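Data block below; observations after.
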Amino acid sequence: MSLFVAMLVTVTLHGSAFRPTADLPDLLTTVAGAPVKTVAEWELRRNELQELLNQHILGTRPQTTPVLVNATTLSLHGNKSGEIVKEHVRLEFLAVGETPIPVDIELLYQYNAPMSAAVLTQFDHRGWALRGVSRGWIGVLMPTGDAHDATFPFYLAYNSTHPRPTWGLITRRAWLVSLILDYLTTQRSDLIDPHHISMFGHSRNGKQTLIAAAFDTRLTSVVGSSPGFPIATPARFAGNEYAGEQWPSSVSGAGAPCPAPPPGKVWPQWDACHWWADSTLNFYGRASELPADGHMVTALIAPRPMLIGSAHNDHDSDNSFANERNLAALRPVHELLGVPDGLARLSYRPGDHVGLIDVDLYFDWFAEANNHRIPSALFPQQSLHEFNWTLWRASAGNLPPVPPPTSPLPSRIEWLIGTNLPRLGGHTVEPQASEDYLETLLLHDELNRSAKVTNGSVVSRLPVGMGDGISAELYFPTAAVEAGAPPLRVVVVLPGLFYNTGFSPGHYSVDWVGPSGESPSRGDVYHYLASQGFAVLGFDPDGMGVRIARDGPPDRFYRRYPRGSRFGRMLQDLQSVLDWCECASQGKNHTNMNPGAHRCSPWDWPTSGPGYHGPPLQHGVWVVGYSIGGLLALHAAALDSLSNSGQIAGVASFAGFTPWRSDTNDRPTGGRQRWSHWHGLMPRLALGMPYDVEDLLRAWAPRPTLLYTPQHDQGANFTDIIRVVDQVQTLIPAWQLAHFSPASGPSSVSEFGRSQIDALTAWLTKQH
């Protein structure tokens, strides 16, 4: 087997080398490595951060600033008391050449309004602006969104200049905001209070809002509504393993209207609608090598008030774990600037990317910001992922010593994942979560189709409820419920760190997760495998998907179960699924969740009714996991083998592990602290390692195993993985072990897209 030795990648900026890091680069350490200790030093660091962002993410801006040569009121409506004045103004700027470039804006304000605070937003959010006008704000609508975009002529004007700007569409729109501010602060000071100018926007307009504030301090407070990747949601915590928006789709300008290029103009000369600098494509799946990240944008806004509005189950852009890491990185900056409590907040709402947005809450934020106060009662520090390892260690009390390597593996695993947690027991057909809410989330990815045609096969879906409040979805070929149909092999798919989406990934994820541009004809992994003749189960692990708000952050979990672990809870959830599958294979219900003593009772599901009764199932489950799901699958397989339960037939792990012993915290992977401290999944891992992944594989051998270990997985040490695989190969016959280690192309990084699903399908078919 060929070995690949990953070389340490360094990125140079003005003679200083950047070492890859899984965590966000320190905001108070300069490129040269010097600490930032004073406000004066911070001002210099701000310039450095802007340069890093322009060079690596946002793209560079023009060397010259357009000159405002004319401002004309085109129309004015509303001239009576109680009416809203609607004033259309055309601004004309000279950029390059002698032809002015028009920029049309709209001012909304109450008739005879005194000088007031203003709120800037895009024409896309006209209704939001009117809400603010009704509360006394001046609304300013700008052509910096998809509904009206005036930036394209500026792109053409500067395209032939030298040096040519590399700016992306989002940066270009934020740049135009500053030109509009020039007009508002110099020619409309009779109407607009220049000391109280706020701005908000949603989704890509939220990204624009935060970037505009980072580069223009005249914006005194901002709200980014679900702004997501790569600004509020830093790229380092938005990889495929998080099932979020990424560079390929984001760079290509997904969803943004784009003028057709002139004849003979193609990419890269025609990059008018790329959201970010094209160089960001080099960091797909390798964000740890990126010298800049989104927390630098939010840091540039400090200490001005900034609110990030986000949804529990945003499938489009926001990743709540990444957002919280972003704000945590800002705390030292706020302390340096004299605001230790911070003027940055996260505000969570139920639902998905576009639902249940409380616009009035955003204006409440602006009102408090204008009064120079952010009351904690109205805007408390909210968290879905807070975990304090030190507090956990104190609450856990006296723990038993780390068991020696000679101890039985089950006892060593139990020490690491903690004591078993209470079980609820029992299975019924009724899902435990709100079915309407679950279907709303599934609809986003078309996973709630009860009869969807995939690759020529009709696939059905059956919601099932399991012990411990688990709601699962069973996908299967519709023909499998016909009389006399043979039982189906069951595949359970375990997701990665899909906190906001659960087992149902975001729409930026083609097939499941992977690069943009792939044909979506195969659909998600659930429908595709079902179309190939399998029964496929998906469910949300603890603290993810529909369970993210209910289960709460790790801190809450460990207050309840200080001697357990969240990873242990996930493992118990998987055991509930395996128990259900065993009873279902017997045509019975599961009635007792005691480990090792589960019992099956006569089946009480309805056996008739279109699209509701389930197909016959084979005994023995094929457990497939991606990222943390792959590590979970290996644990379940080892314990299944050691207990001789025979519930698992085979295991597949995709980018699911790196050996712990060599994964120290100074590695570019982030080390073991990812699981003990950052995610709070296995806090005892910081106290000792009674076993390693190699032990899990040895316990499972020689049963069917698929290991997919990409060579450029930023969360793994590939040479260490090869060492483990080489050893395991002596225990598992070649026909039982499949190992893929892509060395180039998109598949060489962590992902679970078409290539991986093809490999999985081929392996499953071979094992039949």
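Being a predicted model, the structure only gives us computed values, none of them experimental. These numbers come from the heavy atoms of this one structure, side chains and all, not from hydrogens, waters or symmetry mates.
- Under the 3.5 Å distance criterion, the side-chain polar atoms of Thr30 are matched with a main-chain donor or acceptor of Ala34.
- A distance-only check finds no donor-acceptor pair linking the side chain of His295 to the backbone of Leu27 [under 3.5 Å].
- A distance-only check finds a donor-acceptor pair linking the side chain of Asn313 to the backbone of Gly545 [under 3.5 Å].
- For His385 and His679, the gap between ring centers reaches or exceeds 6.0 Å.
- The shortest non-hydrogen separation linking Ala118 to Ile192 is CB-CG2, 3.7 Å.
- Judged by distance alone, with hydrogens and angles left aside, the side-chain atoms of Asn388 form no donor-acceptor pair with the main-chain N or O of Asp555 at under 3.5 Å.
- When all heavy atoms of Thr209 and Gln122 are compared, the closest pair comes out as OG1-NE2, 4.0 Å.
- With hydrogens and angles ignored, the 3.5 Å screen pairs a side-chain donor or acceptor of Gln208 with a backbone N or O of Thr144.
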### Task
For the pair Leu49 and Asn47, evaluate side chain to side chain contact (heavy atoms under 4.5 Å, CB included) and give the outcome as yes or no after the intermediate values.
CA-CA 5 Å; Leu49 294 179; Asn47 296 334; over 6 Å; no
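- Taking the side chain as every heavy atom from C-beta outward, Phe387 and Pro553 never approach each other to under 4.5 Å.
- Side-chain contact between Arg304 and Ser221 is absent, with no heavy-atom pair separated by less than 4.5 Å.
- No side-chain donor-acceptor contact under 3.5 Å links His274 to the backbone of Leu169.
- Residues Arg204 and Asp146 are paired through a salt bridge, judged by an N-O separation under 4.0 Å between the basic side chain and the carboxylate.
- The two residues Pro100 and Pro102 come nearest to each other via the heavy atoms O-CD, 3.7 Å.
- Using a 4.5 Å heavy-atom threshold, the side chains of Leu107 and Leu184 count as touching.
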Query - Derivation and outcome, side chain to side chain contact (heavy atoms under 4.5 Å, CB included), residues Ser288 and Phe283 - result: CA-CA 8 Å; Ser288 63; Phe283 297 100; over 6 Å; no
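- Ion pairing between a basic and an acidic side chain is recognised when a charged N comes within 4.0 Å of a carboxylate O; Asp182 and Arg218 show such pairing.
- Side chain of Thr185 to main chain of Leu181: a donor-acceptor pair is present (N/O by atom type, distance under 3.5 Å, no hydrogens or angles).
- Interatomic distance, Leu343 CG to His334 NE2, rounded to the nearest 0.5 Å: 5.5 Å.
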task = Might you work through the salt bridge (Lys or Arg N to Asp or Glu O under 4.0 Å) test for Asp360 and Arg131, ending with a clear yes or no?
result = CA-CA 8 Å; Asp360 273 315; Arg131 181 72 61 88; 2.9 Å; yes
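- For the atom pair Ser75 OG and Lys86 NZ, the distance stands at 10.5 Å (nearest 0.5 Å).
- The existence of a salt bridge linking Lys207 and Glu245 is confirmed by a sub-4.0 Å separation between a basic side-chain nitrogen and an acidic carboxylate oxygen.
- Pro234 and Leu24 get closest at one heavy-atom pair: CB-CD2, 3.6 Å.
- Summarising the geometry, atom CD1 belonging to Ile105 is positioned 10.0 Å from atom CG belonging to Leu74; distances are rounded to the nearest 0.5 Å.
- Taken from CD1 in Ile57 to CD1 in Ile170, the straight-line distance is 13.0 Å, to the nearest 0.5 Å.
- The aromatic ring centres of Phe154 and Trp175 sit less than 6.0 Å apart.
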Next on the checklist: His353 vs His315, test: side chain to side chain contact (heavy atoms under 4.5 Å, CB included). Steps then yes/no.
Outcome noted: CA-CA 6 Å; His353 187 62; His315 281 212; over 6 Å; no
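- Classified by interplanar angle (parallel below 30°, tilted 30° to 60°, perpendicular above 60°), the ring pair Tyr348/His312 is tilted.
- Between Ser310 and Ser226, the side chains place no donor N or O within less than 3.5 Å of an acceptor N or O (distance only, hydrogens not considered).
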* Asked: Yes or no on side chain to side chain donor-acceptor pair (under 3.5 Å) for Thr72 and Asn70, after CA distance, side-chain angles and deciding distance?
  -> CA-CA 7 Å; Thr72 306; Asn70 197 21; 3.2 Å; yes
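- Annotation: side chain of Ile357 is in contact with side chain of His202 (closest heavy-atom distance under 4.5 Å).
- Taking both residues in full, the closest heavy atoms of Ala311 and Gly351 are given as CB-O, 3.4 Å, listed atom of the first, atom of the second, then distance.
- Two residues are said to be in side-chain contact when any heavy atoms from C-beta on lie closer than 4.5 Å; Trp365 and Phe200 fail this criterion.
- With a 4.5 Å cut-off on side-chain heavy atoms, Cys273 and Phe152 do not count as touching.
- The residues Asp23 and Arg236 are annotated as not salt-bridged, no charged nitrogen and carboxylate oxygen being separated by less than 4.0 angstrom.
- His196 has its ring centre no less than 6.0 Å from the ring centre of Phe366.
- Counting only distance, with no hydrogens or angles, the side chain of Asp124 and the backbone of Ala147 share a donor-acceptor pair below 3.5 Å.
- Residue pairs meeting the side chain to side chain donor-acceptor pair (under 3.5 Å) criterion with at least one partner in residues 59-69, sequence neighbours excluded, are Thr60-Thr166.
- In this pair, Tyr242 and Phe321 present their aromatic rings parallel. The plane angle is below 30°, not in the 30 to 60° band.
- Looking at Asp149 and Arg173, a side-chain N of the basic residue comes within less than 4.0 Å of a carboxylate O on the acidic one, giving a salt bridge.
- Side-chain contact of Arg188 with Tyr183: a donor-acceptor pair under 3.5 Å is present, judged by distance alone.
- A donor-acceptor distance shorter than 3.5 angstrom exists from the side chain of Asp293 to the backbone of Ala235, with no hydrogens or angles considered.
- Stacking of Arg325 on the aromatic ring of Trp678 is recorded, both the 6.0 Å distance cut-off and the 45° axial limit being met.
- Inter-residue side-chain proximity for Leu219 and Ser198 is flagged as unmet; no heavy-atom pair is nearer than 4.5 Å.
- A heavy-atom distance below 4.5 Å is found between the side chains of Val177 and Met199.
- For the atom pair OG of Ser320 and CD1 of Ile548, the computed distance is 3.5 Å after rounding to the nearest 0.5 Å.
- Of the candidates Asn326, Asn323, Asn500, Asn323 is the only one forming a side chain to side chain donor-acceptor pair (under 3.5 Å) with Thr233.
- Contact check on Glu386 versus Arg556 returns no salt bridge, with no Lys/Arg side-chain nitrogen under 4.0 Å from an Asp/Glu carboxylate oxygen.
- Shortest non-hydrogen contact noted between Pro66 and Phe93 is CB-CB, 3.9 Å.
- Distance alone, capped at 3.5 Å, is enough to place a donor-acceptor pair between the Arg46 side chain and the Leu300 backbone.
- Look at Asp364 and Arg135 and you find a salt bridge, because one of the NZ, NE, NH1 or NH2 atoms lies within 4.0 Å of a carboxylate O, short of that distance.
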Check against side chain to side chain contact (heavy atoms under 4.5 Å, CB included), Leu336 and Val36:
CA-CA 9 Å; Leu336 176 68; Val36 175; 4.1 Å; yes
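- For the 3.5 Å distance criterion, the side chains of Ser116 and Tyr109 fail to qualify, holding no donor opposite an acceptor.
- With rounding to the nearest 0.5 Å, the separation of CZ in Arg345 from CE in Met306 is 10.5 Å.
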